[in-house]
Amino acid sequence: MLSVSHLNKSFSTEGGDVHAVRDVSFSAANGEVVAIVGASGSGKSTLLSLLGLLDAPDSGSIDIDGTQLAHLDATGRTKYRASDVGFVFQSFNLIPNLSALENVLLALEFAQWPKESRESRAREMLEMVGLNDQKAQRRPAKLSGGEQQRVAIARAFAANPKLILADEPTGSLDRSTGQKIVTLLRQAAATRGTTVLVVTHDDKVAQQADRRFEIEDGVLSELA
Ligand SMILES: Nc1ncnc2c1ncn2[C@@H]1O[C@H](COP(=O)(O)OP(=O)(O)OP(=O)(O)O)[C@@H](O)[C@H]1O
Ligand SMILES: [Mg+2]
């Protein structure tokens with residue numbers, strides 16, 4: 001269970017303060033896919049970076065399965081970033097000179113997954129996203145965009161995180177490939193009990209989620 005309470009984040013800029021996330025509170029159950037829509041600059045990526053501990057809020061709290069992120073020490077934060085949260089980006093962000101399999105293996109190494117089961121775990125994840133052993137050996141450049149995003153999803157789920165943050169995961173894909181990617185995210189989330197937050201500009205993608213929120217000028221509200 002993800003529980004966010006009264007979260008705030010401002011940036012000081014030359015043009016004055018930007019209140020990017022304003023008193024945001026919501027919760028999401030394990031296995032649930034939540035879509036977040038909103039105009040450019042409304043605060044979507046800022047919210048994800050707070051949830052991923054890439055940036056610190058000015059106030060408010062984030063609780064995941066009973067752990068307050070603000071209470072983690074440096075070691076706890078490192079463990080959280082490596083094992084408890086996964087990221088999926090619009091531009092896939094795979095390491096170009098590593099094969100699909102090696103990209104997933106590297107995430108497992110960062111997460112200190114037991115050495116003897118890394119390879120079987122990585123293969124299980126690639127199989128989950130529909131990539132066979134032959135494709136697992138290819139570098140990202142030899143895979144289609146949809147296949148690269150499948151690798152990124154396999155990598156995000158590899159260390160069995162509690163939360164996956166996906167920022168425009170279908171933004172570089174055609175609509176039908178994008179819908180398959182969201183279906184895949186939903187199945188993996190439900191099967192593994194992972195909460196998935198998907199930022200999207202695509203209404204069709206948002207419609208596939210279990211719940212939908214809109215963020216306007218930093219203020220989050222649930223859509224019917
Ligand atoms: N590091 C930063 N320093 C200053 N201002 C920032 C910083 N990061 C974000 N902002 C500002 O905060 C606001 C929210 O930005 P954010 O990136 O969260 O928007 P977004 O909803 O993800 O937009 P997009 O759909 O274009 O990706 C914007 O006004 C942006 O300019
Ligand atoms: Mg953004």
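Sequential numbering from 1 along the given sequence is applied to the chain's residues. Counting starts at 1 for both ligands and their atoms, in listed order.
- A heavy-atom distance below 4.5 Å is found between the side chains of Leu106 and Glu109.
- The protein heavy atom nearest to atom 25 (O) of ligand 1 is Lys44 NZ, 2.7 Å.
- Taking 4.0 Å as the cut-off between side-chain N and carboxylate O, Glu102 and Arg118 do not count as a salt-bridged pair.
- For ligand 1 and Ala39, the ligand atoms under 4.0 Å from any heavy atom of the residue are 21 (O).
- In terms of protein heavy-atom proximity, atom 18 (O) of ligand 1 is nearest to Thr46 OG1, 2.6 Å.
- Shortest contact from atom 6 (C) of ligand 1 to any protein heavy atom: Phe11 CD1, 3.3 Å.
- The nearest protein heavy atom to atom 31 (O) of ligand 1 is not closer than 4.0 Å.
- The closest donor-acceptor contact from the side chain of Gln149 to the backbone of Phe89 lies under 3.5 Å.
- Shortest contact from atom 26 (O) of ligand 1 to any protein heavy atom: Ser40 OG, 2.6 Å.
- Checking each of Ile62, Val85, Leu72 against Leu53 for a side-chain contact (heavy atoms from CB on, under 4.5 Å) leaves exactly one that passes, namely Leu72.
- Under the 4.0 Å criterion applied to side-chain N and carboxylate O atoms, Asp133 and Arg123 are assigned as salt-bridge partners.
- Residue Ala20 has no N or O atom closer than 3.5 Å to an N or O atom of ligand 1.
- For residue Ser45, an N/O/S atom approaches the Mg ion (ligand 2) to within less than 2.8 Å.
- We find that Arg211 and Glu222 are joined by a salt bridge, their nearest charged nitrogen and carboxylate oxygen being less than 4.0 Å apart.
- Counting heavy atoms closer than 4.0 Å to ligand 1, residue Thr13 contributes side-chain atoms (C-beta onward) but none from N, CA, C or O.
- Atom 27 (O) of ligand 1 has as its closest protein heavy atom Ser45 OG, 3.9 Å.
- Between Val129 and the choices Val151, Ile153, Val104, the side-chain contact (heavy atoms from CB on, under 4.5 Å) rule is met once, by Ile153.
- Shown in contact with Ser42 at under 4.0 Å from a heavy atom are these atoms of ligand 1, numbered in order with element: 19 (O), 21 (O).
- Between the side chains of Gln208 and Thr183, at least one donor N or O lies within less than 3.5 Å of an accepting N or O.
- Counting only heavy atoms of the protein, atom 29 (O) of ligand 1 lies nearest to Val18 CG1, 3.5 Å.
- Of all the heavy atoms of His201, the ones lying under 4.0 Å from any atom of ligand 1 belong exclusively to the side chain.
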Open item on the list: Please determine whether side-chain hydrogen bond (donor to acceptor under 3.5 Å, both in side chains) holds for the pair Ser91 and Asn93, giving the CA-CA distance in whole Å, both sets of side-chain angles, and the decisive distance to 0.1 Å.
Closed with: CA-CA 6 Å; Ser91 50; Asn93 290 19; 2.8 Å; yes
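- In terms of protein heavy-atom proximity, atom 28 (C) of ligand 1 is closest to Gly41 O, 3.7 Å.
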